[in-house]
Amino acid sequence: MNTEILSVDDGIEKAKEILLSGGIVAMPTETVYGLAADGTNPEAVKKIFEVKGRPSDNPLIAHVHNDYDINKLVVVKHDYIYKLIKAFMPGPLTLVMESKGVVCKEAVAGGDTLAVRMPSHRGCQALLRAVNLPLVAPSANLSKHTSPVSAEHVFCDLNGKIPLILDGGRCSGGIESTVLDVTEKVPRILRAGLITKEMIESVAGGCDIAEHKEGDKVRSPGVKYRHYRPKCDTALFDITETDKADALYVAEVKKGRTPYIMCSDDVADKFAGKNLLLLGKSGEEIAYNLYDKLLEGEKKADIIIAVSFGREDGVYLGIMNRLRKSCG
Ligand code: AMP
Ligand code: MG
């Protein structure tokens with residue numbers, strides 16, 4: 001199969017045609033690129049799992065446009081949900097609610113809940129509006145590999161496997177959406193992201209975190225799999241262990257290998273003169289750069305030696321979740 005890359009503006013009609021006839025298309029969003037299918041078409045949805053090599057028990061997120069009535073898809077049980085929608089949608093927040101069954105069971109791994117998101121990316125909105133259907137999509141990478149934040153990244157993983165990639169430029173967010181279970185009285189973060197616990201609390205009055213409770217039943221099946229891994233070797237050090245990261249770097253060079261240190265700008269001076277993948281200064285910058293630098297690193301390096309940031313509040317919770325899974 002020939003994989004075409006078209007700008008969103010030029011490719012939207014073709015994408016619509018493919019999607020409405022049961023095919024799959026890669027689309028930009030503000031978080032990462034997604035691999036989309038008509039969520040009401042089981043045969044189309046199965047193609048996503050086949051192409052990615054994704055385990056069938058890992059459900060997909062349904063993406064809808066701004067004016068789509070989500071009451072068609074899910075049961076909105078609590079008042080705080082409307083406040084969250086008003087505050088954060090469209091944007092990088094995904095809400096898990098009881099499904100009404102419009103999106104097929106293949107997309108939700110046979111479960112009774114559906115995850116719904118309204119992406120803010122202009123091109124993605126235009127596509128969703130054109131098809132006026134819930135498009136289910138996971139990230140547009142091969143299963144377990146680092147998520148793509150550009151059309152080129154998608155092409156590297158899926159060339160020859162899908163007919164079309166819509167190029168909407170570099171994703172502005174850089175890590176996947178916050179997945180929030182809103183089936184209970186208090187919302188619960190299943191996957192951390194750019195909409196933080198603090199932001200949710202300020203709107204909904206409370207917010208729990210599911211991923212971090214030891215021994216808890218995993219509610220979001222995706223979190224149990226190895227994820228986001230670059231193709232090279234990796235190591236992860238705490239910010240207090242820069243000397244150990246340095247020692248590993250030196251040992252790798254002695255073996256004739258090419259190491260790269262991946263760290264924030266704040267600790268870069270500790271690795272002066274070494275190969276660096278710099279992530280930036282703020283949490284937003286680090287999220288924006290993380291996957292891009294991992295994918296740059298896997299091309300150049302035998303090993304990426306990552307150094308963490310010394311904090312796990314706000315956006316850093318989502319960043320550290322990705323960093324541990326990709327490099328830990
Ligand atoms: P991906 O876009 O590949 O990161 O996959 C979407 C992620 O959303 C999955 O890995 C799940 O963790 C989460 N998700 C999707 N649907 C549900 C659902 N119904 N219940 C809980 N988590 C979900
Ligand atoms: Mg993914």
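Whatever order the structure lists them in is the order used to number ligands and atoms, beginning at 1. All residue numbers refer to positions in the sequence shown, counting from 1.
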**Request:** Flag this pair as yes if the NZ/CZ of K244 is under 6.0 angstrom from the six-membered ring centre of F237 and inside a 45 degree cone about the axis; otherwise no.
**Result:** no
**Item:** Per atom 15 (C) of ligand 1, closest listed option by heavy atom (S147, P59, G193)
**Value:** P59
**Message:** What verdict does the salt bridge (Lys or Arg N to Asp or Glu O under 4.0 Å) test give for R117 and E30, after you've listed the backbone C-alpha separation in whole Å, the side-chain angles of each residue and the deciding distance to 0.1 Å?
**Reply:** CA-CA 12 Å; R117 176 163 120 72; E30 74 279 22; 2.9 Å; yes
**Asked** Can an N or O of R191 be found at a distance shorter than 3.5 Å from an N or O of ligand 1?
**Response** yes
**Complete:** Check: of R54, E176, M97, min heavy-atom distance to atom 6 (C) of ligand 1 comes from R54
**Asked** Which atoms of ligand 1 are found less than 4.0 Å from any heavy atom of S139?
**Response** 1 (P), 2 (O), 3 (O)
**Prompt:** For residues S308 and R324, is any side-chain donor paired with an opposing acceptor at under 3.5 Å?
**Reply:** no
**4.5 Å side-chain heavy-atom contact, L133 and L20** = yes
**Message:** Can you tell me which portion of V108 lies within the under-4.0 Å heavy-atom range of ligand 1? Options are side chain, backbone, both, or neither.
**Reply:** neither
**Message:** Can you confirm whether Y291 sits close enough to I175 that some side-chain heavy atom of one is under 4.5 Å from a side-chain heavy atom of the other?
**Reply:** yes
**Request:** Would you sort out whether D38 and K47 count as a salt bridge (Lys or Arg N to Asp or Glu O under 4.0 Å), showing the intermediate values?
**Result:** CA-CA 11 Å; D38 170 2; K47 288 180 190 162; over 6 Å; no
**T146 side chain near S326 side chain, heavy-atom distance below 4.5 Å** = no
**Asked** Is there a side-chain contact between T113 and V108, using heavy atoms and a 4.5 Å cut-off?
**Response** no
**Fill in**
The number of protein N, O or S atoms lying under 2.8 Å from the Mg ion (ligand 2) is 1
**Asked** Backbone, side chain, both or neither: what part of L60 comes under 4.0 angstrom of ligand 1, heavy atoms only?
**Response** backbone
**Item:** Ligand-residue contact atoms, ligand 1 with N58, heavy atoms, under 4.0 Å
**Value:** 9 (C), 10 (O), 11 (C)
**Asked** What atoms in ligand 1 come closer than 4.0 Å to a heavy atom of L190?
**Response** 21 (C), 22 (N)
**Prompt:** Between I70 and L95, is any pair of side-chain heavy atoms under 4.5 Å apart?
**Reply:** no
**Asked** Looking only at side chains, do H153 and N141 share a donor and an acceptor under 3.5 Å apart?
**Response** no
**Prompt:** Purely on distance, is any nitrogen or oxygen of T113 under 3.5 Å from one on ligand 1?
**Reply:** yes
